[in-house]
Amino acid sequence: NWSGRDLDDDLKADLQRLLPRAARMLGRSSPVGLALVPEGAEPVVAKKPGDDGHSVTVSGPIGELVLFMYGRQAHALVDLAGPDDAVEAVRSASFGI
């Protein structure tokens, strides 16, 4: 019964600028390849696919992607696409600092 906050344009722009660097740092613990797709922006590769080629795409508003990458997967309002086992592995991965 809750929804994501509306972020002001300046905050969205700041998060968008920081996402590529932060995603690579936070995404290194991903068990599979990981791409983030912010609404209205270019995709960001957080981790390249491994030898098995499995990858998950996470898409949604920039603020929700940041929540996801800081370990709040259960609370982030995002869509995940990829093989079922890879999606489950990403949902339960330990992201964050």
Side-chain angles (χ1 to χ4, degrees):
N1 295 334
W2 61 277
S3 62
R5 278 191 290 173
D6 281 332
L7 305 178
D8 66 55
D9 291 340
D10 289 338
L11 180 54
K12 287 180 189 177
D14 288 343
L15 292 175
Q16 186 62 48
R17 272 192 302 278
L18 295 172
L19 184 64
R21 186 174 22 162
R24 284 188 296 274
M25 180 183 72
L26 298 170
R28 66 180 171 225
S29 63
S30 178
V32 297
L34 186 61
L36 307 175
V37 184
E39 291 177 346
E42 293 294 316
V44 172
V45 175
K47 184 174 181 180
K48 293 181 182 180
D51 293 338
D52 63 6
H54 286 171
S55 188
V56 172
T57 300
V58 184
S59 57
I62 187 68
E64 299 298 319
L65 291 175
V66 171
L67 279 176
F68 187 89
M69 291 307 297
Y70 273 91
R72 304 286 306 218
Q73 294 99 308
H75 303 286
L77 300 174
V78 295
D79 294 315
L80 284 81
D84 290 342
D85 59 333
V87 167
E88 186 54 39
V90 168
R91 283 189 195 278
S92 61
S94 180
F95 296 125
I97 296 176

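The line from CZ of R17 to CD1 of I62 is 11.0 Å long, rounded to the nearest 0.5 Å. A distance of 12.5 Å separates CD of Q16 from CG of D9, quoted to the nearest 0.5 Å. Separation of atoms CG (L19) and CZ (R24) is listed at 9.0 Å; rounding is to 0.5 Å.
The minimum heavy-atom distance linking P38 with P43 is given by the pair CD-CA, 4.5 Å. Taking all atoms of both residues into account, the shortest heavy-atom contact from K47 to R28 is NZ-O, 3.5 Å. Scanning all heavy atoms of the two residues, the minimum distance from A23 to L36 falls at CB-CD1, 3.6 Å. Shortest non-hydrogen contact noted between L67 and A76 is CB-CB, 4.1 Å. Pairing each heavy atom of P31 with each of A89, the nearest pair is CG-CB, 3.6 Å. Of all non-hydrogen atoms in V44 and P20, the two that sit nearest each other are CG1-CA, 3.6 Å.
Annotation: side chain of L7 is in contact with side chain of L15 (closest heavy-atom distance under 4.5 Å). The shortest distance between side-chain heavy atoms of V58 and Q73 does not fall below 4.5 Å.
Few gaps surround CG on D8; more than 12 heavy atoms of other groups in view lie less than 6.0 Å from it. Around atom CG of D84, no more than 12 heavy atoms belonging to other residues, nucleotides or ligands sit under 6.0 Å away.
With sequence neighbours excluded, the residues that form a side chain to side chain contact (heavy atoms under 4.5 Å, CB included) with S55 are P49. Taking the side chain to side chain contact (heavy atoms under 4.5 Å, CB included) definition, one finds that S59 meets it with V37, D79, sequence neighbours left out.
Counting only residues at least two apart or on different chains, no ring-ring contact (aromatic ring centres under 6.0 Å, His included) pair has a member in residues 21-66.
Remark: the backbone N or O of L77 is paired with a side-chain donor or acceptor of E64 at under 3.5 angstrom.
Cluster annotation: V45 and V66 are assigned to distinct hydrophobic clusters (Ile/Leu/Val/Met/Phe/Trp/Tyr, side-chain heavy-atom contacts under 4.5 Å, transitive). Cluster membership check: F95 does not share its hydrophobic cluster with L18, using side-chain heavy-atom separations under 4.5 Å among Ile, Leu, Val, Met, Phe, Trp and Tyr.
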Exercise for the section: Step by step, work out the side chain to side chain contact (heavy atoms under 4.5 Å, CB included) result for M69 and L34. Expected result: CA-CA 10 Å; M69 291 307 297; L34 186 61; 3.9 Å; yes
